[in-house]
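Working notes, structure below.
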Amino acid sequence: MRLRLLTIIGLFVILSASCSGPSAAPVSTALPNPTATSVPHAPEIRFALIGTVTDVNVWALFDAKGYSYNNYAVHNEYWPRLYQLSIPDRQFETMAASGMPSPVQQEGNFYTATVPLRSDLKWTDGSAFTADDVAFTVNTALSFQLGFDWHDFYNPDYLDHADAVDAHTVKFFFKKQPNVGVWQYGALQGPVVQKAYWSSKIASSLALLPTSIPSTPEANPDDVTKAARDSLYALSYDNEPTLGNWIPAGQQNGAWVNKVNPAHPFGEPHFDGATYRLFTNEDNAVNALRNGDVDSILNENGISIKSEQSLQNDTAFKISFNANHGVRFLTINPARPALMDNAFRQALDCVLDRTSMVRVLFAMPLESFIQEGAKPWYDSQALGTCAGQAGSQRLKQAVSTLKSAGYTWQKEPTDSESGQGLTLPNGQIFPAIVLLAPSEMEDGQRFAAAGYVGKYAGMLGIPLTVKYAGPEEIRYDVFSNGQYDVAILGWRVSEYPGYLCNWFGDGNPFGYNGGRLKSACEALNSTSDLAEAQKQVYQIQSVLTQDLPMIPLYSVGTYDVYRNISYPFDSVVGGLSGIYGAPSLAIPAP
């Protein structure tokens with residue numbers, strides 16, 4: 001998982017296996033909330049990582065060259081950001097900024113906004129943090145056309161440059177009106193490096209940049225800037241000043257060590273250091289946890305079900321279960337006449353008992369288009385009509401919905417018997433439909449979910465069969481030739497829900513003709529005001545819940561295990577691994 005706020009992974013099916021098959025029901029589902037009036041302190045918090053950590057500089061770290069989960073876990077808190085999202089509430093709040101940014105306004109050919117900076121911050125070499133550092137970082141990322149997280153933070157499609165107005169005011173210049181995804185969830189949360197350290201170091205790399213990029217069709221900008229970027233990634237970072245809660249202390253006895261910044265620029269952690277021990281596999285990390293050699297295991301997708309089951313009955317360990325950013329939906333082809341009826345989609349949504357389904361799916365029920373913990377965007381009112389109801393109630397409501405729309409059965413569904421002979425309002429027999437899903441080997445979780453969807457559809461008398469197919473076949477049928485009825489698709493979604501307009505806005509790949517969504521998406525994509533963006537996202541959720549172009553199924557779950565520590569919150573989307581163990585928030589056990 002990337003440090004960046006989990007950007008959406010395109011409009012395609014994610015079919016990598018998340019588990020080998022149906023799993024046991026989750027056990028402990030909450031992180032303990034400490035109640036002690038005095039918070040203890042300890043010398044170090046000890047994490048286990050699976051694999052290796054790479055020695056890379058900041059330019060490579062936040063680009064594809066140096067990205068890895070382990071690299072982020074160890075290194076990502078060395079540099080300040082202007083703003084951050086609070087944990088666990090995900091509220092936009094100041095970090096290196098001293099207040100909220102100014103409104104974005106048009107100024108000549110640009111859209112501009114300013115950010116006030118804190119005047120009390122100092123780099124670890126004692127020099128002051130200033131607007132020059134921010135402008136230098138932004139302009140360097142743009143000059144080298146850096147990718148990956150750098151691109152997501154400082155998006156060159158929107159951002160032209162940044163200037164230091166004075167020591168504690170930085171001004172951003174955009175080529176076009178930025179939205180919240182580009183502004184608050186982009187440029188304002190990007191890492192900032194020290195200009196005094198890096199400006200001379202990057203001079204040789206800057207000299208490798210072309211004075212202009214050919215505009216011929218065959219010219220690839222990446223080809224002509226690659227040498228300069230490679231040179232940048234290779235620069236030494238010995239004794240680089242940092243400005244975060246943690247200071248790199250290098251490797252000690254084979255482990256990577258961070259020491260707490262004594263200045264405590266962004267709050268005081270409860271540990272003097274954080275140690276990251278490396279293990280070749282999860283079994284070895286679990287053994288180290290059992291032996292008391294580490295306090296927590298960090299892994300991109302949490303610990304495996306096998307490890308969770310081996311630890312769950314031991315009271316020495318705390319196991320938390322949280323939804324991560326993976327979501328799964330049942331996509332319905334609007335080109336199929338029998339599937340276009342809203343009553344059919346509402347009834348199918350009703351009959352799907354997510355609570356029963358997720359008990360064996362290592363998952364959490366999803367009855368909305370945004371996950372419940374995704375604050376401030378989740379609208380608790382934009383839920384399906386049967387959300388919160390039990391299985392028998394859901395079936396009863398689904399039958400009522402279909403009957404009201406003119407559907408009939410030769411034998412109506414009951415709690416004890418499935419419906420038979422479902423007939424459309426026009427008198428025709430409901431046609432047989434096929435559900436596309438990955439095989440058990442490719443994705444055991446979605447394989448099992450497909451069986452549940454078939455079971456619940458069968459209760460309504462819907463003649464549905466499951467076809468298990470490979471990733472390429474599913475992608476082709478859904479996104480290219482449109483030759484499918486229903487399919488289970490998955491995404492890893494970002495904190496900012498702009499993906500809803502990518503899914504269902506103009507030119508969307510699902511053939512959804514959501515006229516009511518158009519104005520809301522246009523407003524969302526053109527506002528940099530958080531309150532206005534939230535209003536439009538609420539409107540989008542309301543429309544989608546009524547129209548149901550896709551049916552939410554579940555959020556993928558994440559298990560985390562730890563001992564000797566606790567956290568001042570009950571749960572968090574992404575789990576503890578998703579926030580890299582939050583060493584600045586962890587609390588040692590008394």
Side-chain angles (χ1 to χ4, degrees), residues 1-4 49 51-82 95-96 121-127 129-130 132-156 162 187 189-209 222 225-252 254-259 261 265-266 274-276 278 580 583:
M1 178 171 48
R2 295 169 56 181
L3 170 70
R4 172 69 168 108
L49 294 174
T52 62
V53 172
T54 308
D55 197 12
V56 294
N57 68 28
V58 64
W59 307 109
L61 177 67
F62 296 114
D63 210 333
K65 176 72 174 180
Y67 163 75
S68 76
Y69 176 85
N70 288 354
N71 283 358
Y72 277 27
V74 174
H75 303 312
N76 81 80
E77 287 199 55
Y78 297 160
W79 300 275
R81 289 152 177 80
L82 301 179
M95 191 178 181
L121 295 177
K122 294 184 182 299
W123 296 93
T124 49
D125 64 354
S127 61
F129 170 79
T130 72
D132 281 330
D133 297 316
V134 181
F136 169 80
T137 305
V138 172
N139 296 334
T140 299
L142 293 171
S143 295
F144 283 92
Q145 300 184 26
L146 299 181
F148 213 60
D149 280 347
W150 286 117
H151 180 280
D152 291 341
F153 288 126
Y154 307 125
N155 187 339
Q189 293 188 52
V192 177
V193 305
Q194 190 196 62
K195 177 182 179 180
Y197 177 85
W198 281 108
S199 58
S200 59
K201 278 182 170 289
I202 70 170
S204 59
S205 302
L206 277 171
L208 297 175
L209 287 172
D222 285 341
T225 57
K226 183 179 184 302
R229 284 198 301 273
D230 287 344
S231 172
L232 183 70
Y233 302 147
L235 293 174
S236 168
Y237 63 102
D238 290 344
N239 302 313
E240 177 191 1
T242 58
L243 203 176
N245 276 339
W246 302 95
I247 299 172
Q251 297 186 64
Q252 299 176 19
W256 287 79
V257 178
N258 291 333
K259 296 297 184 182
N261 186 340
F266 308 112
T275 300
Y276 300 83
L278 306 179
Y580 306 108

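What you see below is based on every heavy atom in this structure, not just the backbone, and it leaves out hydrogens, waters and symmetry mates.
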For [X], what residues pass the side-chain contact (heavy atoms from CB on, under 4.5 Å) criterion, not counting sequence neighbours?
| X | answer |
| --- | --- |
| Ala249 | Gln252, Val257, Lys259 |
| Ser236 | Lys201, Asp238 |
| Leu121 | Ala96, Arg118, Phe129, Leu243, Pro265, Phe266 |
| Asn70 | Leu49, Val53, Ser68 |

Does the pair Asn258 and Tyr276 meet the rule for a side-chain contact (heavy atoms from CB on, under 4.5 Å), with working shown? CA-CA 8 Å; Asn258 291 333; Tyr276 300 83; 3.6 Å; yes
Taking all non-hydrogen atoms of both residues, which atom of [X] and which atom of [Y] are closest, and how far apart?
| X | Y | result |
| --- | --- | --- |
| Trp123 | Val192 | CH2-O, 3.5 Å |
| Tyr197 | Asn239 | CE1-O, 3.9 Å |
| Tyr72 | Leu61 | CE1-O, 3.2 Å |
| Leu146 | Leu232 | CD2-CD2, 4.0 Å |
| Ile202 | Ser199 | CG1-O, 3.6 Å |
| Arg81 | Met95 | O-CB, 3.1 Å |

Among all residues two or more places apart in sequence or in another chain, which pass the side chain to side chain donor-acceptor pair (under 3.5 Å) test with [X]?
| X | answer |
| --- | --- |
| Thr140 | none |
| Thr275 | Glu44 |
| Thr54 | none |
| Asp63 | Tyr233 |

Does Gly244 offer a backbone N or O that forms a donor-acceptor pair with the side chain of Thr242 under 3.5 Å? no
Is there a donor-acceptor pair under 3.5 Å between the side chain of Asn139 and the backbone N or O of Ala162? yes
Over 60° means perpendicular and under 30° means parallel, so classify the ring planes of Trp150 and Phe62, tilted if in between. perpendicular
Name all residues meeting the ring pair (Phe, Tyr, Trp, His ring centres under 6.0 Å) criterion together with [X]; count only those two or more places apart in sequence or in a different chain, and write none if there are none.
| X | result |
| --- | --- |
| Tyr154 | none |
| Trp198 | Trp59 |
| Trp256 | His75 |

So Glu240 and Val58, do their side chains get closer than 4.5 Å, heavy atoms only? yes
For the residue pair Val134 and Thr137, establish whether any side-chain heavy-atom pair is separated by less than 4.5 Å. no
Rounding to 0.5 Å, atoms CZ (Phe144) and CG (Leu209) come to a distance of 5.0 Å
Distance check, rounded to the nearest 0.5 Å: Ser205 atom OG versus Leu235 atom CG? 4.0 Å
Salt bridge (charged side-chain N to carboxylate O under 4.0 Å, His left out) with Asp230: which residues, sequence neighbours excluded?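 Testing Asp230 for salt bridge (charged side-chain N to carboxylate O under 4.0 Å, His left out), a comparison that skips the adjacent residues, returns Lys226.
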For Gln194 and Asp125, which I'm curious about, is there any donor-acceptor pair between the side chains at under 3.5 Å? yes
